[in-house]
Protein chains: 2
Amino acid sequence: MTKKHATSKFMETDPPKKPSRIQQRNRRKILDAALDVFSAQGYRGATLDQIAETAGLSKPNILYYFGGKEEIHITLLNQLMETWLDPLVEMSADGDPLEELLSYVQRKLDMARDLPRESRLFANEILQGAPRMGPHLESHLKPLFDEKCTLIQGWIDHGKLAEIDPRHLLFSIWSTTQHYADFEAQVHVLLATTGAEHADEYLQTLFTKLLTPAR
Amino acid sequence: MTKKHATSKFMETDPPKKPSRIQQRNRRKILDAALDVFSAQGYRGATLDQIAETAGLSKPNILYYFGGKEEIHITLLNQLMETWLDPLVEMSADGDPLEELLSYVQRKLDMARDLPRESRLFANEILQGAPRMGPHLESHLKPLFDEKCTLIQGWIDHGKLAEIDPRHLLFSIWSTTQHYADFEAQVHVLLATTGAEHADEYLQTLFTKLLTPAR
DNA sequence: GGGTTACTTTACCAAATGGTAAAAAAACTT
DNA sequence: AAGTTTTTTTACCATTTGGTAAAGTAACCC
């Protein structure tokens, strides 16, 4: 009965029949549980049993929907990549440069707050040297990064922004915003509150001062 | 022959006889190898076999020097905590506030460059919710953090620095500097060079603009 | 309602992994 | 050199973990 040599029985291309309601529901449950576990424990720290229990399914049942642990992880990373780059994609050449960048910062911070699991999943993957994501970074992130760097450099050249290195600017936006999700355990101890209280205001100030051109 | 209920046979307090040359050498080799492996794979991702091979010792031999995997990890974290907080400790009330903070930023960046393994070990631990470090954060980091926040706030109150939240200032210093070590895999892809080329200049500019008081 | 297909469970397994016991080999001590 | 202590190796072990086979159950289709 085993047909094809696809990684998963759901990756076949011949009959693109849409997944049943049960399939959709269970795959969603599994991916959600896996996000929980992978983001909290890292890839190797996560176990299929944990994922199964969190999802409320049995381990073999999970392996009915996914080819294996790694396939679940890769599926998550691929899904993540899209939403993760969204805020940057939205930053467009239209509109005021400073406003565009500041609202990008805000979107990124909101994202870290709303999707901390995703942020940690990503952080874990990069920390370990991006073993399952290297190609994706090269093919998706790099072009977008270069494009936006050029855009920002253009703004600078037109005197719309202070003269700073666009690449490091993006790095600092990413690091400062994601910090609140990735290092939450530390932030929580130090602020003794649930998170980034006045982070919004602080970061807006930071990047305003950094980016406002000296006239 | 087993005496005491200490976690390790090297934690006994009665005969504080100094460790032999062999002991010192092997413990150092083990800790160095463990730093390699833990920082690259995370706690659960690291295996004793990997550590043993990297250290050039057999697994049981490693367990002769340490009580177990966790003890090695904890030893590393404890050692790390000291050097890690050093740059912040050095920031003193004497000297120009802006200079003090900027050279703190520089020291932190140098540290991320010189000790990337340590940075990643720490990042891994915090990412997983600081399961073996929570108390340490509370007892060591928190007091230091509060002290330095007060110091910075004092500087601000005297008009020596712009009015910003000291807590978030420290967060942004940590995140921006450590980013180059923790997210090296990503930075490397995007810069297509071995690391933080002009990070020094960029971060100095960033924090100068942020901290210079409007007069 | 009978048959086919989709889904779930039960019972396993092989490899990996943290760890131990005890013998063997070095290293020190006198 | 003999005896004692320290260090290393060999041979295991119990558990965990990713994964599978096959039988059972529920859904769907006519």
Side-chain angles (χ1 to χ4, degrees), chain A residues 1-12 14-30 33-34 37-38 41-76 131-132, chain B residues 1-3 5-10 12 14-30 33-34 37-38 41-76 131-132:
Chain A
M1 268 306 170
T2 20
K3 20 176 182 170
K4 298 295 135 33
H5 290 269
T7 310
S8 152
K9 48 174 74 79
F10 297 104
M11 290 182 70
E12 292 152 16
D14 322 288
K17 60 178 74 167
K18 57 190 169 192
S20 71
R21 222 169 300 108
I22 293 182
Q23 257 178 59
Q24 281 186 301
R25 186 173 51 85
N26 280 350
R27 277 180 69 94
R28 204 170 338 110
K29 281 208 296 185
I30 292 169
V37 179
F38 280 132
Q41 316 272 147
Y43 179 73
R44 298 243 6 220
T47 71
L48 284 179
D49 292 285
Q50 270 175 290
I51 296 173
E53 200 195 329
T54 307
L57 298 172
S58 69
K59 182 166 62 175
N61 203 1
I62 279 184
L63 292 169
Y64 172 75
Y65 289 101
F66 288 91
K69 185 183 179 181
E70 186 160 23
E71 195 183 303
I72 301 177
H73 193 235
I74 290 178
T75 304
L76 275 179
R132 288 164 250 283
Chain B
M1 265 305 174
T2 21
K3 21 175 183 171
H5 290 269
T7 310
S8 150
K9 49 174 72 79
F10 297 104
E12 293 154 15
D14 323 289
K17 60 177 74 168
K18 57 191 171 191
S20 73
R21 222 169 302 111
I22 292 181
Q23 257 177 59
Q24 281 185 301
R25 185 173 51 85
N26 280 350
R27 278 179 69 93
R28 205 171 337 111
K29 282 208 297 186
I30 292 169
V37 180
F38 279 132
Q41 317 272 148
Y43 178 74
R44 297 239 13 219
T47 72
L48 283 180
D49 292 285
Q50 271 176 289
I51 296 173
E53 199 194 331
T54 308
L57 298 172
S58 70
K59 181 166 63 175
N61 202 2
I62 279 184
L63 293 169
Y64 171 74
Y65 289 103
F66 288 91
K69 184 183 179 181
E70 186 160 24
E71 195 183 302
I72 301 177
H73 194 236
I74 290 178
T75 304
L76 275 179
R132 286 162 254 282

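Below, read A as the first sequence line, B as the second, and so on, with proteins coming before strands; counting in each chain starts at 1. Note that these values count all heavy atoms, side chains included, but never hydrogens, waters or copies made by symmetry.
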Practice task
Spell out, as yes or no, whether a donor-acceptor pair under 3.5 Å connects the side chain of A:Gln50 to the backbone of A:Thr47.
Solution key: yes
Practice task
Remember a base hit wins even if backbone is also touched, and classify B:Ala52 as base, sugar-phosphate or nothing at under 4.0 Å, heavy atoms.
Solution key: nothing
Exercise for the section: State whether the side chain of A:Glu53 and the backbone N or O of A:Asp49 hold a donor-acceptor pair below 3.5 Å, judged by distance alone. Expected result: no
Handout entry: For the student: nearest non-hydrogen atoms of A:Ser58 and A:Ala52, plus distance
Key = C-CB, 4.0 Å
Exercise for the section: Using a 4.0 Å heavy-atom cut-off across all strands, classify A:Thr47 as base, sugar-phosphate, or nothing. Expected result: sugar-phosphate
Handout entry: From B:Leu57 atom CG to B:Tyr65 atom OH, the distance as rounded to the nearest 0.5 Å
Key = 7.5 Å
Practice task
Would you indicate which nucleotide in C:dA6, D:dT7, D:dT9 comes nearest to any side-chain atom of B:Tyr64?
Solution key: D:dT7
Exercise for the section: Ignoring backbone atoms, establish whether B:Gln23 has a side-chain N or O less than 4.0 Å from OP1 or OP2 of D:dT7. Expected result: yes
Problem - Protein-nucleotide distance (A:Tyr43, atom OH; D:dT17, atom P), rounded to Å - result: 14 Å
Could you list the protein-to-nucleotides 19-22 of chain C atom pairs, N/O on both sides, closer than 3.5 Å?
| unit_1 | atom_1 | unit_2 | atom_2 | d |
| --- | --- | --- | --- | --- |
| C:dG19 | OP2 | B:Lys69 | N | 2.9 |

Completion exercise
Nearest heavy-atom contact between B:Ala34 and B:Ile72 is CB-CG2, 3.5 Å
Fill in the blank from the handout: Here the pair of heavy atoms bringing B:Ala33 nearest to B:Ile51 is CB-O, 3.6 Å
Exercise for the section: Ignoring backbone atoms, establish whether A:Ser58 has a side-chain N or O less than 4.0 Å from OP1 or OP2 of C:dT8. Expected result: no
Practice task
Give a yes/no on whether any side-chain N or O of B:Asn61 is located under 4.0 angstrom from OP1 or OP2 of D:dT7.
Solution key: no
Handout entry: Nearest-0.5 Å distance, NE2 of residue A:His73 to CZ of residue A:Arg132
Key = 5.5 Å
Please list, for nucleotides 23-25 of chain C, all pairs of protein and nucleotide N/O atoms separated by less than 3.5 Å.
none

Practice task
Could you state the atom-to-atom distance from CG of A:Leu57 to P of D:dA26 in whole Å?
Solution key: 16 Å
Practice task
Using atom types as modelled and distance alone, determine if a side-chain donor or acceptor of A:Glu71 lies under 3.5 Å from a backbone N or O of A:Gly67.
Solution key: yes
Problem - A:Asn26 side-chain N/O to C:dT8 phosphate OP1/OP2 under 4.0 Å - result: yes
Handout entry: D:dT17 OP1/OP2 closer than 4.0 Å to side-chain N/O of A:Arg44
Key = no
Problem - Spacing between A:Phe38 atom CZ and D:dG18 atom P, to the nearest angstrom - result: 9 Å
Handout entry: Within 45° cone and under 6.0 Å: A:Lys69 NZ/CZ vs A:Tyr43 ring
Key = yes
Exercise for the section: Provide, to the nearest angstrom, the distance between the CD atom belonging to A:Glu71 and the P atom belonging to D:dG18. Expected result: 15 Å
Exercise for the section: To the nearest Å, give me how far apart NE2 (B:His73) and P (C:dG18) are. Expected result: 13 Å
